[in-house]
Structure formats: C-alpha cells, structure tokens
Number of protein chains: 2
Amino acid sequence: MTQERVNLDSSVGYVLKQAAAALRNAMDAALRPLELSVPQYACLELLGQRQGLSAAELARGAFVTRQSMHTVLQGLQDRGLLTRPSTAPQGRALPTQLTDRGAHLLAQASHAVADVERRMLAALPTGHPDRLRQDLAACANALTPAEH
Amino acid sequence: MTQERVNLDSSVGYVLKQAAAALRNAMDAALRPLELSVPQYACLELLGQRQGLSAAELARGAFVTRQSMHTVLQGLQDRGLLTRPSTAPQGRALPTQLTDRGAHLLAQASHAVADVERRMLAALPTGHPDRLRQDLAACANALTPAEH
DNA sequence: TGCGTCATGTCAGGAGTCTGACATAGCGTT
DNA sequence: AACGCTATGTCAGACTCCTGACATGACGCA
C-alpha cells in the first residue's frame, strides 16, 4: 500500500485552482468599476460572440446552472443591457439580444478583462500561452464525461 | 480603436475557468461517496500536509474566507474528524489536529482525488504535467497582488 | 507605558448559486 | 395519433459563501 498523498505544491489540480482563484479575483476587481460581476460579464461576452443565444446556452458557456443564469439575465435586462422576447419564436428558447447600451458596456468590460489576461500571460515566455491553452483544453476534455 | 474582443475559444482565461470547472465537478463526484465537499476535503488535505494549522491558514490554503472555513471546521469537528482546543495555547490561533477517523477518511479521499488528477493528466504527453504546473504557477503569481 | 497596527476568531446579515420540481415544446419511434 | 425522451423556462426552497462588524491577543514604536 503506497503512501498516496496528493502533495499540494506539486499537484496540478491545486495549482489550477490557485490560478483560477487569482484570475477570478483579478477579474472581479477589474469589473467592479463597471458594476459587473464575473457571471454578468461572461453572459455579455458570450452574447457579443454570438447574438441570439438562449438562457440555457448562456448557462453552459458561463459554467452555471440555467436557474442562476435566469437571475443574471433578469438583472442585466432590468439595466437595459439586453432584451428577450416574451414569447418564443420557435420551441421554448428565448433568443437574447444585446442592446446598444449593453454592447457599449461590453466593450469597456472586454477591454478591462483583456488587460487582466495580458497581465497574466506577461509572466510566461513567448509561445507558452498557446501551449498552456492547449494543455488546459486537454485537461478539461479528459474530465468532461462523454456526452451521450 | 482596435476591435478588442476576448475571443473566448482562444482565451487562456476562459479555458482556465473551463478546466477548473471540470476539475471541480470531477472532484465533487469523486468525494460524494465519502460525504465530503471540496472545501471539506481541501481542509483535511491541508491538515494532512501539516498538522496544527489555524483556521485562517486553512482558509488561505483552501481559497475561502476565514468565516467560510469556520463553518467547514465546525462540520468536520461535529463528525469527529478533527479537534480544536477551546483556548489558544498562544496568541489567538487555535491549532487544528486530525483525529484518527479524520486521517482514515482523508486517506480514502486522497486516493479518490489522486485518481481524478491521474485521469486529467493522462490526456497530456509525457513531461507536460510539470510544465503545465509551472505555467499555472507563473500565472497565479502574476495576478496575485504583491503582499505588503 | 501607552498607542497603533495587524492577525485571528466569531457573530449577524445578505447576496449568489444550487437542487428539486413542474409545465411546455420539439422530435423520433411505434 | 400516441407515447417517451429531451431541452428549455420558471418557481420555490435550501445551502454555501461572502461582506461587514466587533472583540481579543501579539507586536512594534514613540
């Protein structure tokens, strides 16, 4: 029976959580002047990439549940940053659209977050960001249970 | 004015969050049979590495606030997995100790989590886990504000 | 000695997220 | 057409975690 202990400092999982926590804090600080939380920003950014996403799709992209995204969307809608039709054009999904105000705020937020990412990656040698991204994607994929 | 948009798929930050979420889910599933949450496990693991840590030290190591760690400790203490003196031997810090039951449960949990980490790293070529860990540590360091 | 600062433990309150549940709409199979 | 399966939206409740606040003990400095 081997002494199976995780040894925190040499554990990739631990350092991964550490990096994620640091990133979360940095993004939180960067977005606070805009009065946006990280989930709110994630929601706007996803819509910026592709308009008309449903709440369920946004939830998956932001790593929260449908229910959480529901409240996030209500908050953003109350601030006039996005619009949702009251009736579904087809099926049950309600396609979400950014308003002009939402797009404008997103531009500012995107800039602030890009600054954070730059600061994070500045510590890495040239070329490492790309390989880091690939390694992380492989890790995420290995842990994501095969769908269906 | 450049089109400054994060481009989620090529963003290291986004993939980092994705990997962290996948890891969190996998650990959650692995620990559920032992009736341990991830913060509870983190607490036990930290104590396994070094006995006598205070609640504040455990909180920093587990990336939560002192207050959250307080309730976590109470839960673990109620289950007889650890002990804390009622009065501080010196200063205000209450050194926490694993009980035999705590150490035994930790051994099982540690094994389960090590399995998850193995599954995660199996997707990476030889040598990559080490460089991934170093890159992540550099990222975390770059985002952690200089203390004092 | 006295004061200011910092770290720790703890209590109270609130914000955010999750689990569970239900109704509805599409789709494929029988 | 009827049934089952899946996906989505939404409501209610509980849980987790955080922010804010206060008291206490240790340390440095005037």
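Reminder, nothing fancy here: chain letters follow the sequence lines and each chain counts from 1. Just so it is clear, the values below take in all heavy atoms, side chains as well, and ignore hydrogens, waters and symmetry mates.
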Can you tell me how far [atom2] of [N] sits from [atom1] of [X], to the nearest Å?
X: A:Q74; N: C:dA15; atom1: CD; atom2: C1'; result: 15 Å
X: A:Q67; N: D:dA12; atom1: CD; atom2: P; result: 14 Å
X: B:D28; N: D:dC15; atom1: CG; atom2: P; result: 16 Å
X: B:L94; N: D:dA26; atom1: CG; atom2: P; result: 12 Å
X: A:L58; N: D:dT10; atom1: CG; atom2: P; result: 13 Å
X: B:L53; N: C:dT8; atom1: CG; atom2: C1'; result: 14 Å
X: A:L73; N: D:dT10; atom1: CG; atom2: P; result: 9 Å
X: A:F63; N: C:dC18; atom1: CZ; atom2: P; result: 12 Å

At less than 4.0 Å, is any side-chain N or O atom of [X] found next to OP1 or OP2 of [N]? Yes or no.
X: B:R66; N: D:dC22; answer: no
X: A:S68; N: C:dC18; answer: yes
X: A:H70; N: D:dG9; answer: no
X: B:R84; N: C:dT10; answer: yes

Selection from [options] that lies nearest to any side-chain heavy atom of [X]:
X: A:S54; options: D:dT19, D:dG9, C:dT17; answer: D:dG9
X: B:E57; options: C:dT8, C:dG9, C:dT17; answer: C:dT8
X: A:A56; options: C:dG9, D:dC17, D:dT8; answer: D:dT8

* Side-chain donor-acceptor contact under 3.5 Å, B:E57 with B:S54 ->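 There is such a pair (donor and acceptor under 3.5 Å, judged by atom type) between the side chains of B:E57 and B:S54.
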
* Asked: Looking only at side chains, do B:Y41 and B:E45 share a donor and an acceptor under 3.5 Å apart?
  ->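 Side chains of B:Y41 and B:E45: pair found under 3.5 Å.
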
* Asked: Does any N or O in the side chain of A:Q108 come within less than 3.5 Å of the main-chain N or O of A:L105, such that one atom is a donor and the other an acceptor?
  ->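 Here the side-chain-to-backbone pair does not exist.
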
* Are the side chain of B:R101 and the backbone N or O of B:R79 linked by a donor-acceptor pair below 3.5 Å? ->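 Yes, because the side chain of B:R101 sits within donor-acceptor range (under 3.5 Å) of the backbone of B:R79.
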
* Asked: For A:L98, which of A:L81, A:L76, A:L47 qualifies under side-chain contact (heavy atoms from CB on, under 4.5 Å)?
  ->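 In the set A:L81, A:L76, A:L47, the residue that makes a side-chain contact (heavy atoms from CB on, under 4.5 Å) with A:L98 is A:L47.
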
* Taking the nucleotide of DNA chain C with the closest heavy atom to each, which residue, A:G91 or A:S37, is nearer the 5' end? ->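 Result: A:S37.
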
* Toward the 5' end of DNA chain C, by each residue's nearest nucleotide, A:P89 or A:T71 ->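 Closer to the 5' end of DNA chain C: A:T71.
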
* 5'-most by nearest nucleotide on DNA chain D - B:T65 or B:R92 ->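 First, find each residue's nearest nucleotide; the 5'-ward one identifies B:T65.
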
